[in-house]
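First up is the structure itself, then whatever we jot down about it.
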Amino acid sequence: MKRLVILGSTGSIGVNTLNVVREFPHKFKVTALTVNKNVEELAKQVSEFKPEKVFIKDEVALEEFKKINKHPVKIFSGPSGLTDIAKDDDYDIMVSALVGFAGLAPTIEGIKLGKRIALANKETLVVAGELINKLCSVHHSEIIPVDSEHSAIFQCMVGEKKDDVEKLILTASGGPFLMKSISELQNVTVSEALDHPNWSMGNKITIDSATMMNKGLEVIEAHWLFGLPQEKIDVVVHPQSIIHSMVEFIDGSIKAQLSMPDMKLPIQYALSYPERFSSSFVETNFPKLGSLTFFEPEFEKFKCLKLAFDVLNAGGTSPCILNAANEIAVSSFLKGNIKFLDIPVLIEKALNKIENHSSPDIETIFECDTITRNYLRSLTN
Ligand code: NAD
Ligand code: MG
């Protein structure tokens, strides 16, 4: 029986993790759930999964939870509540599924305890990949990717040597605007950008998919997870999202991992690895699918993807600047304060304005995140 801490249990990954746990009641026990403010959903989760602890970030929601919750559970809150849960050495696997930079601090605590991290929060590796890898080797913590592309690559790499890899090929759906021209992108609405063709996900990652920043963040994530340079990481647009990613080896042979898109699959694998558990979440019917297609990504149209490759080259704190600027720009776009095409423009401004520090320590990363957010807010408010 593995004990799980789920960071972000009311989010899209959090809810899917609980869907997996529900299938395997004898394999997993939920010990802690953490949320921002959706306490109505949290109360239902507490009643079903009976965790020992919860963390609620929002203070108003916290009071509401105290009123509606009917089950004995220890409630954590305040600035240190989340990391306090992560630091408590009473679990086996941390499912890191907060959205954005907020996932970094608690994930580090899980790593310091030598836990398995089922990592959905790609931003952790984007902003602090070098540091995270060092911490993982010092504390013997293993990161098993939940992101579908990285799970696919991870699965293709089982039994293979890193030196035998020619390149990683990350597939990208291309999002809702794959077929639109740059001029058509000028006036796209928030609801059009949130209408992803293949995946139902949280708002932030859905906008990142529309700008293709998501694929950019995933290129950086792949670099740190698999220890390969940027030249060995390719992106190919594959609108059906059936091939989740591929690895090409030095002999020209290519391995791919395929299935109908469903995040329960990579989540389950991150929890069960090195075993596979029998489940029937997805069924892939090839005759019904008909054909799989592939395109080159358009860097001119999806400037965020190009910026992500640039910051991976530049290194230091520039991926942190890109990430923080993107989080604020996406949140401004979701509020209707800026246009879709302003997102890469604002990120580029931040990258030009804010100083890049090489080999940053954790304090420098936190400082860089704050400086960038403040700068972006001064441009968007
Ligand atoms: P989401 O917005 O649906 O959920 C985020 C969760 O985090 C919620 O439970 C929310 O309450 C909690 N949260 C947000 N901010 C918080 C804070 N400051 N403190 C405490 N809790 C907070 O997001 P999601 O789509 O589930 O994505 C989560 C992460 O997984 C992201 O990093 C995303 O890039 C990654 N990811 C998601 C998918 C997907 O299918 N949704 C796929 C691959 C990777
Ligand atoms: Mg992904």
Side-chain angles (χ1 to χ4, degrees), residues 98-105 107 121-132 175 177 182 185-186 188 190 193 202-224 230 233 235 297-381:
L98 292 195
V99 57
F101 188 84
L104 176 63
T107 303
N121 181 263
K122 61 193 84 183
E123 293 89 345
T124 286
L125 281 175
V126 169
V127 302
E130 192 176 354
L131 219 122
I132 292 289
F177 302 144
I182 299 185
L185 287 183
Q186 295 279 2
V188 290
V190 172
N203 283 354
K204 191 260 181 184
I205 182 176
T206 305
I207 301 301
D208 284 350
S209 298
T211 61
M212 285 194 79
M213 177 58 93
N214 184 47
K215 209 49 52 184
L217 299 178
E218 289 182 355
V219 168
I220 304 173
E221 182 185 11
H223 164 74
W224 293 115
Q230 194 230 281
I233 308 175
V235 172
E298 287 180 71
F299 288 95
E300 235 345 271
K301 189 161 97 185
F302 296 108
K303 289 214 164 64
C304 287
L305 182 58
K306 165 85 172 55
L307 289 173
F309 271 101
D310 291 347
V311 301
L312 180 52
N313 257 335
T317 46
S318 60
C320 180
I321 300 169
L322 171 108
N323 178 68
N326 181 55
E327 284 190 33
I328 300 297
V330 168
S331 138
S332 303
F333 171 70
L334 284 167
K335 288 181 201 146
N337 294 344
I338 63 167
K339 290 188 155 199
F340 185 75
L341 289 180
D342 291 336
I343 296 173
V345 174
L346 288 165
I347 297 168
E348 201 164 13
K349 273 192 183 170
L351 286 167
N352 290 334
K353 171 87 178 175
I354 296 162
E355 195 186 344
N356 181 12
H357 295 272
S358 59
S359 294
D361 58 16
I362 196 67
E363 288 76 22
T364 310
I365 288 168
F366 273 84
E367 205 175 300
C368 170
D369 178 75
T370 306
I371 292 170
T372 308
R373 280 167 198 270
N374 290 340
Y375 175 64
L376 251 278
R377 286 193 186 106
S378 75
L379 298 180
T380 53
N381 286 339

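Note that the numbering runs from 1 along the sequence shown for the chain. Just the heavy atoms: all of them, side chains too, but no hydrogens, waters or symmetry mates, feed the values below. All of these numbers come straight from a predicted model, not from anything done at the bench.
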Stepwise side-chain contact (heavy atoms from CB on, under 4.5 Å) test for Leu334 and Val330: CA-CA 6 Å; Leu334 284 167; Val330 168; 4.0 Å; yes
Which atom of Ala210 lies closest to which atom of Phe302, heavy atoms considered: O-CE2, 3.4 Å
Which atom pairs, donor and acceptor, lie under 3.5 Å between side-chain atoms of residues 339-353 and protein residues at least two apart or in another chain?
unit_1: Lys339; atom_1: NZ; unit_2: Asn187; atom_2: OD1; d: 2.6
unit_1: Asp342; atom_1: OD2; unit_2: Lys339; atom_2: N; d: 2.8
unit_1: Asn352; atom_1: ND2; unit_2: Glu348; atom_2: O; d: 3.3

Separation between CG of Leu305 and CG of Leu217, rounded to the nearest 0.5 Å: 10.0 Å
Pairwise side-chain hydrogen bond (donor to acceptor under 3.5 Å, both in side chains) hits with a residue in residues 209-218, at least two apart: Lys122-Asn214, Lys122-Glu218, Glu149-Lys215, Asn214-Glu218, Lys215-Glu218
Residues which pass side-chain contact (heavy atoms from CB on, under 4.5 Å) with Glu130, listed by chain and number, not counting sequence neighbours: Lys134, Trp224, Ser359
Those residues that, when tested against Glu355, pass salt bridge (Lys or Arg N to Asp or Glu O under 4.0 Å) (two or more places apart): none
Close side-chain approach of Thr380 to Asn337, heavy-atom, < 4.5 Å: no
With sequence neighbours excluded, residues passing side-chain hydrogen bond (donor to acceptor under 3.5 Å, both in side chains) with Asp361: Thr364
Beyond-backbone contact of Ile132 with Leu104, side-chain heavy atoms, under 4.5 angstrom: yes
Expected list for residues 308-328: side-chain donor-acceptor pairs under 3.5 angstrom, two or more places apart:
unit_1: Asp310; atom_1: OD1; unit_2: Lys306; atom_2: NZ; d: 3.1
unit_1: Asp310; atom_1: OD2; unit_2: Lys306; atom_2: NZ; d: 3.0
unit_1: Asn313; atom_1: ND2; unit_2: Gln230; atom_2: OE1; d: 2.9
unit_1: Thr317; atom_1: OG1; unit_2: Asn356; atom_2: OD1; d: 3.1
unit_1: Thr317; atom_1: OG1; unit_2: His357; atom_2: N; d: 2.7
unit_1: Ser318; atom_1: OG; unit_2: Val311; atom_2: O; d: 3.4
unit_1: Ser318; atom_1: OG; unit_2: Gly315; atom_2: O; d: 2.7
unit_1: Asn323; atom_1: ND2; unit_2: Glu327; atom_2: OE2; d: 3.0
unit_1: Asn326; atom_1: ND2; unit_2: Asp208; atom_2: OD1; d: 3.0
unit_1: Glu327; atom_1: OE1; unit_2: Arg373; atom_2: NH2; d: 2.9
unit_1: Glu327; atom_1: OE2; unit_2: Phe101; atom_2: N; d: 2.8

Non-neighbouring partners of Glu298 that pass salt bridge (Lys or Arg N to Asp or Glu O under 4.0 Å), sequence neighbours left out: Lys301
Min side-chain heavy-atom separation Glu123-Val99 under 4.5 Å: yes
